Amino acid sequence: MKKLGFGTMRLPTLGDDSKVDPERFKEMVDRFLEQGFTYFDTSYVYHGGMSESALKEALVDRHPRDHFTITTKLPVFLVKEKADVRRFFQEQLTRLGTDYVDYYWLHAVNAATYETAKQTDAFGELAALKAEGLTRHIGLSFHDSAEVLDRILTEHPEMEYVQLQLNYFDWESNSVQARKCYETAVRHGKQVVVMEPVKGGSLAKLPEELEQIYRKEQPNLSTASWGIRFAASLPHVLVVLSGMSNMEQVEDNTSYMKDFQPLSGAEQDTVKQVTAALRSKITVDCTACGACTEQCPLHIPMSAYFDMYNEHCQMNKYTNGMVYYANFPAEAGKASACTGCGKCETVCPQKLPIQVLLKEVKTAFEM
């Protein structure tokens, strides 16, 4: 298997996140397959629950089943009882239009959802699905500390794979613990699937002086390529997911991953140089996953605000940031509308102090 996977969390849309553009997506899928890539990743909740159906229309209905692999995930955070595991899985098979999946993960596992998975026997149900041939492989996507991951893999060695947020910026992060989690998975003999290799797109476009460092080393490679190649260069990585939103990203990613070459020693040093520069500037370590806004009673678009705030603080792109901040409609909820309920912080994979950060956003952008 080639080391690039097609992530379907950020597909082209028709204005609304739940309305995937079918024709553009079909073209992207066809091109991805033409280049020899086969791995597609989706979930029950992506694109407002429409990602799996979109994948059926663009991929499953149009290509031989043995020409691709599908990974989808059980929404553990929605599971209330053991019967829910089968119910969700059967619904996902229907959405995907297939009678089996190649990989089935527990989605977004952390310390809290791990308890849910144990109480509802989700681990046992996944093992049974595998034994019945309904999924070829089982594993988990994970957002927590290396200590929690070690406990899970010790107690459930039947998990074959671990999907981790891993990129060069998060490699030594105290909150994400990418290196420590990767090393924990390796110690348990598990291969790793990488998500967020360009950190929600924030590593795809850097301050000009940092992009120049990359261009000097490799003039013909995109900035995004450095994040994907960094992750793919790790020996125990099975595949690196890229959430591709347009054909340009498909063409770019496949161009350098078709005949993948790991980072050289000089390139590793270049990545370290850029990482150190970024680490000296970053303010809010957000991946724009959107979980916080989904939980917020006021629908405050926190990731969008944090993105603006990061650029305002570090990259000097938002010298008139208040103008852009004011563009958000009143119903979106300003940073100052936060009531301190804390629901956002309970679901944040990065464990950010969101309430404190919203106060900083307010200070920066509200008069």
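Remember, predicted model here, so these are calculated numbers, not experimental data. Values below: every heavy atom of this structure, side chains too, minus hydrogens, waters and symmetry copies.
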Stepwise side-chain contact (heavy atoms from CB on, under 4.5 Å) check, Lys205 with Glu211: CA-CA 8 Å; Lys205 186 169 180 57; Glu211 294 205 351; 3.8 Å; yes

side-chain contact (heavy atoms from CB on, under 4.5 Å) between Thr339 and Leu298, intermediate numbers included: CA-CA 9 Å; Thr339 62; Leu298 300 174; 4.1 Å; yes

Intermediate values then yes/no, salt bridge (charged side-chain N to carboxylate O under 4.0 Å, His left out), Arg10 and Glu196: CA-CA 11 Å; Arg10 299 182 176 96; Glu196 302 290 0; 3.3 Å; yes

Criterion side chain to side chain donor-acceptor pair (under 3.5 Å) on Glu147 and Gln177, from CA distance to verdict: CA-CA 10 Å; Glu147 180 182 2; Gln177 298 187 4; over 6 Å; no

Verdict with supporting geometry, Gln295 and Cys348, side-chain contact (heavy atoms from CB on, under 4.5 Å): CA-CA 10 Å; Gln295 290 294 317; Cys348 176; over 6 Å; no

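Ring-plane geometry between Tyr161 and Tyr103 is classed as perpendicular, the angle between the planes exceeding 60 degrees on a 0 to 90 degree scale with a lower cut at 30.
Salt-bridge check for Lys130 with Glu160: passed, with a basic side-chain N closer than 4.0 Å to an acidic carboxylate O. Salt-bridge annotation for Arg65 and Asp99: absent, with no side-chain N of the basic residue lying under 4.0 Å from a carboxylate O of the acidic one. Electrostatic pairing of Glu267 and Arg229 counts as a salt bridge here, judged by a charged N lying under 4.0 Å from a carboxylate O.
Remark: His156 NE2 to Phe123 CZ distance equals 4.5 Å, nearest 0.5 Å. Here the SG atom belonging to Cys344 is positioned 9.5 Å from the CG atom belonging to Leu352, to the nearest 0.5 angstrom. The structure places CG of Asn253 at 4.0 Å from OG of Ser242, a figure rounded to the nearest 0.5 Å.
Side chain of Asp102 to main chain of Ile70: a donor-acceptor pair is present (N/O by atom type, distance under 3.5 Å, no hydrogens or angles). At distances below 3.5 Å, not a single donor-acceptor pair connects side-chain atoms of Thr293 with backbone N or O atoms of Gly290. Judged purely by atom type and a 3.5 angstrom limit, Lys190 uses its side chain to pair as donor or acceptor with the backbone of Pro157. Side chain of Lys73 to main chain of Tyr104: no donor-acceptor pair is present (N/O by atom type, distance under 3.5 Å, no hydrogens or angles). Put simply, the side chain of Ser43 never gets that close to the backbone of Thr72: no donor and acceptor are under 3.5 Å apart. Checking side-chain atoms of Glu345 against main-chain N and O of Gln355 turns up a donor-acceptor pair under 3.5 Å. In this structure, Tyr46 contributes its side chain and Gly7 its backbone to no donor-acceptor pair below 3.5 Å. Distance alone, capped at 3.5 Å, is enough to place a donor-acceptor pair between the His47 side chain and the Met9 backbone. A donor-acceptor contact shorter than 3.5 Å links the side chain of Lys334 to the backbone of Tyr325. Panel note: side chain Arg95, backbone Glu91; no donor-acceptor pair is recorded below 3.5 Å.
Under the 6.0 Å cut-off for aromatic ring centres, Tyr44 and His107 do not qualify, their centroids lying 6.0 Å or more apart. In this structure, Tyr168 has its ring center at least 6.0 angstrom away from the ring center of Trp226. Taking the six-membered ring for Trp and the full ring otherwise, the centers of Phe32 and Phe40 sit less than 6.0 Å from each other. Residues Phe142 and Tyr114 place their aromatic rings such that the two centres sit no closer than 6.0 Å.
Closest heavy-atom contact between Ala146 and Thr184: CB-OG1, 3.6 Å. For the residue pair Asp30 and His63, the shortest heavy atom distance occurs at OD1-NE2, 2.8 Å. The nearest pair of heavy atoms linking Leu14 to Pro22 is CD1-CD, 4.2 Å. Of all heavy-atom pairs spanning Tyr100 and Gly133, the tightest one is CB-O, 3.7 Å. The minimum heavy-atom distance between Pro262 and Ser233, with the atom names listed, is CA-OG, 3.3 Å. Contact detail for Met257 and Ile228: the closest heavy-atom pair is SD-CG2, 4.0 Å.
If you run side chain to side chain contact (heavy atoms under 4.5 Å, CB included) between Asp170 and each of Leu164, Leu203, Asp285, Thr275, only Asp285 comes through. Among Lys180, Arg187, Arg179, the single residue meeting the side-chain hydrogen bond (donor to acceptor under 3.5 Å, both in side chains) criterion with Glu183 is Arg179.
Residue pairs that meet the salt bridge (Lys or Arg N to Asp or Glu O under 4.0 Å) test with at least one member in residues 356-367, sequence neighbours left out, do not exist here. Pairs passing the salt bridge (Lys or Arg N to Asp or Glu O under 4.0 Å) check and including a residue from residues 246-263, sequence neighbours excluded, read Arg31-Glu251.
Between Asn220 and Tyr256 there is no side-chain heavy-atom pair separated by less than 4.5 Å. Side-chain contact between Arg87 and Asp84 is present, with at least one heavy-atom pair separated by less than 4.5 Å. Between Leu140 and Val162, some side-chain heavy-atom pair lies under the 4.5 Å cut-off. With contacts defined as side-chain heavy-atom distances shorter than 4.5 Å, the pair Lys19/Thr13 does not qualify. For the pair Lys2/Phe260, no side-chain contact is recorded, criterion being any heavy-atom separation below 4.5 Å from C-beta on. Considering only heavy atoms from C-beta on, Val60 comes within 4.5 Å of Phe68 through its side chain. Side-chain atoms of Glu125 and Lys82, non-hydrogen and from C-beta on, do get closer than 4.5 Å to each other. You'll find the side chain of Leu241 reaches within 4.5 Å of the side chain of Gln163, heavy atoms only.
There is no side-chain donor-acceptor pair under 3.5 Å between Tyr214 and Thr270.
Among residues two or more places apart in sequence or in another chain, the side chain to side chain contact (heavy atoms under 4.5 Å, CB included) test is passed with Val194 by Leu166, Val192, Pro197, Ala231, Val237, Val240.
For Lys118, the NZ atom sits in a packed shell: over 12 heavy atoms of surrounding residues, nucleotides or ligands are nearer than 6.0 Å.
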